[in-house]
Amino acid sequence: MTSGESAWLDIAPWGITARVAERLRATAEEVAREWGVPLGERLTAGRFSYVAFAGDDAVLKVVPVEDDGADHEADALALLAGDGAVRLLRHDRTRRAILMERARPGYDASRLPDPQTVRDAIAAAKKFWRPATRGAPFRWIGDHVPRWLDDAGDHYLVRQAKEIYETMHPNDTTLVHGDFHHHNLLSHEDGWVVIDPKPMVGEPEFDVPTFLWNPIGHLPTTESVERWIGAFAEAGLDANLLRKWAIVRGTYQGLPLSQGLTAETTPALRVVRALL
């Protein structure tokens, strides 16, 4: 990559650039040959990696080196061992290639009515949130959130989010998904499993905000934000902490504004503004 050349698209539909996709495709074909698995066409849903079916029962994923948030995806899948997440089948850490179980029927939670989505999301999350150890191998959220806020730029919402974060003391005892939302929750057999974790250790409340501004196309309202926060609070989470994390995470994920978007059209920032 040349200096200043990004691996990421900066406009919809987002994801990796064609150049990076081609690089990952070559790796996927190389790995598939070595592992003796057939490789299908790239799945459009895997916008931030190279993802393709590998026969009838597996999926092969190659994660770009630029996505350091996914460094320990395979480690999280190994820890979960098929309980609440797709099962890890094989992993090449050097080439960032992951062979995993295919979820069946495999539709995501974006098509569900709200009450059912709440129930299924909470049930899946509670399976994922399990004890994990900082540095073995997972990163701690507290080592990264301050930098992410700094990267969000000089904006009044950033200043407010930083003030809020200074009142927080995130723990480091629970495995969190990092990108938990409708499109990363798939139907599998008679239940639901998560995919595509960006795993870290922290506290469960950290994971909820991404659900508040999803699925794609959803524009959060004060009513929808409070309804979701209330549902997770009824399941045992701290409502005040949920609100704080929604403001902090919504700020650094929504800013600086992406090309063509405003604070009103950026779902994460709509959540922030609904809570402030």
Side-chain angles (χ1 to χ4, degrees), residues 48-49 59 61-94 96-101 103 109 120-149 165 168-186 188 191-212 214 229 231-233 235-246 248-250 252-253:
F48 293 91
S49 299
V59 172
K61 178 178 184 179
V62 182
V63 181
V65 68
E66 294 87 352
D67 184 6
D68 61 350
D71 285 354
H72 300 296
E73 177 177 353
D75 298 303
L77 297 182
L79 177 63
L80 291 159
D83 182 19
V86 290
R87 186 178 299 277
L88 178 68
L89 303 176
R90 193 165 179 176
H91 177 216
D92 185 316
R93 191 176 301 276
T94 300
R96 301 172 70 82
I98 304 171
L99 186 67
M100 67 195 90
E101 173 186 31
D120 293 334
I122 290 172
K126 285 188 170 182
K127 287 185 177 182
F128 195 93
W129 296 328
R130 61 184 66 197
T133 303
R134 176 178 174 179
F138 305 108
R139 306 178 301 162
W140 176 47
I141 58 176
D143 284 334
H144 298 272
V145 171
R147 171 173 57 83
W148 292 335
L149 282 170
Y165 185 69
M168 301 168 67
H169 306 282
N171 69 38
D172 61 355
T173 59
T174 302
L175 180 70
V176 294
H177 184 282
D179 194 23
F180 185 67
H181 56 71
H182 306 63
H183 304 290
N184 284 338
L185 183 60
L186 302 186
H188 183 51
W192 295 83
V193 292
V194 299
I195 61 168
D196 198 25
K198 302 290 187 286
M200 305 178 78
V201 290
E203 52 204 18
E205 289 83 359
F206 175 86
D207 260 346
V208 175
T210 43
F211 238 93
L212 303 181
N214 272 287
I229 288 176
F232 276 93
L237 273 62
D238 183 317
N240 186 47
L241 195 53
L242 286 170
R243 290 185 175 91
K244 288 184 175 182
W245 274 122
V248 171
R249 294 197 68 194
Y252 70 67
Q253 292 200 224

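As the structure is a computational prediction, the values presented were derived from the model and not from experiment.
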Could you please spell out the steps behind the salt bridge (charged side-chain N to carboxylate O under 4.0 Å, His left out) verdict for Arg134 and Asp143?
-> CA-CA 11 Å; Arg134 176 178 174 179; Asp143 284 334; 3.8 Å; yes
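- Rounding to the nearest 0.5 angstrom, the gap separating the CD atom in Gln253 from the CH2 atom in Trp148 is 8.0 Å.
- Nearest heavy atoms, Leu185 versus Ala121: CD2-CA, 3.8 Å.
- In this structure, the side chain of His177 engages the main chain of Ile195 through a donor-acceptor pair within 3.5 Å.
- For the pair Pro170/Tyr165, a side-chain contact is recorded, criterion being any heavy-atom separation below 4.5 Å from C-beta on.
- When all heavy atoms of Leu88 and Ala74 are compared, the closest pair comes out as CD2-O, 3.6 Å.
- Between His183 and Asp196 the shortest side-chain heavy-atom distance does not fall below 4.5 Å.
- Judged purely by atom type and a 3.5 angstrom limit, Glu203 uses its side chain to pair as donor or acceptor with the backbone of Asn171.
- For the pair Lys61 and Ser49, the tightest heavy-atom approach, listed with the atom from each and the gap, is CE-OG, 3.4 Å.
- In terms of heavy atoms, Phe128 sits closest to Ala76 at CZ-CB, 4.5 Å.
- Leu79 and Ala132 make their closest contact through CD2-CB, 4.5 Å (heavy atoms, listed as atom of the first residue, atom of the second, distance).
- With salt bridges taken as basic N to acidic carboxylate O contacts below 4.0 Å, none links Asp71 and Arg139.
- If you take CZ on Arg147 and CG on Leu149, they are separated by 11.0 Å, rounding to the nearest 0.5 Å.
- Lys244 contributes atom NZ, which lies 8.5 Å from atom CG of Asp238 (distance to the nearest 0.5 angstrom).
- The distance from the CG atom of Asp83 to the NZ atom of Lys127 is 5.5 Å, given to the nearest 0.5 Å.
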Take Arg93 and Asp75 through the test side chain to side chain contact (heavy atoms under 4.5 Å, CB included) and record every step on the way to the result.
-> CA-CA 10 Å; Arg93 191 176 301 276; Asp75 298 303; 2.9 Å; yes
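- Between Phe180 and Phe211, the ring planes lie tilted relative to each other; the angle falls in the 30° to 60° range.
- Side-chain atoms of Arg130 never come within 3.5 Å of backbone atoms of Leu175 as a donor-acceptor pair (strictly under, hydrogens ignored).
- In this structure, CG in Leu237 is found 4.0 Å from CD in Glu205, a value given to the nearest 0.5 Å.
- Counting only distance, with no hydrogens or angles, the side chain of Asn184 and the backbone of Asp179 share a donor-acceptor pair below 3.5 Å.
- Atom OG1 of Thr174 and atom CG of Asp207 lie 10.0 Å apart (nearest 0.5 Å).
- Looking only at side-chain heavy atoms (C-beta outward), Val145 and Arg249 stay at 4.5 Å or farther from each other.
- Residues Gly202 and Ile141 come closest through the heavy atom pair CA-CD1, 3.7 Å.
- Residues Asp172 and Trp140 have side chains that never bring a donor and an acceptor to within less than 3.5 angstrom of each other.
- Residues Ile229 and Val208 are not in side-chain contact: their nearest non-hydrogen atoms beyond the backbone lie 4.5 Å or more apart.
- Looking at heavy atoms from C-beta onward, His188 lies out of side-chain contact with Val86 at the 4.5 angstrom threshold.
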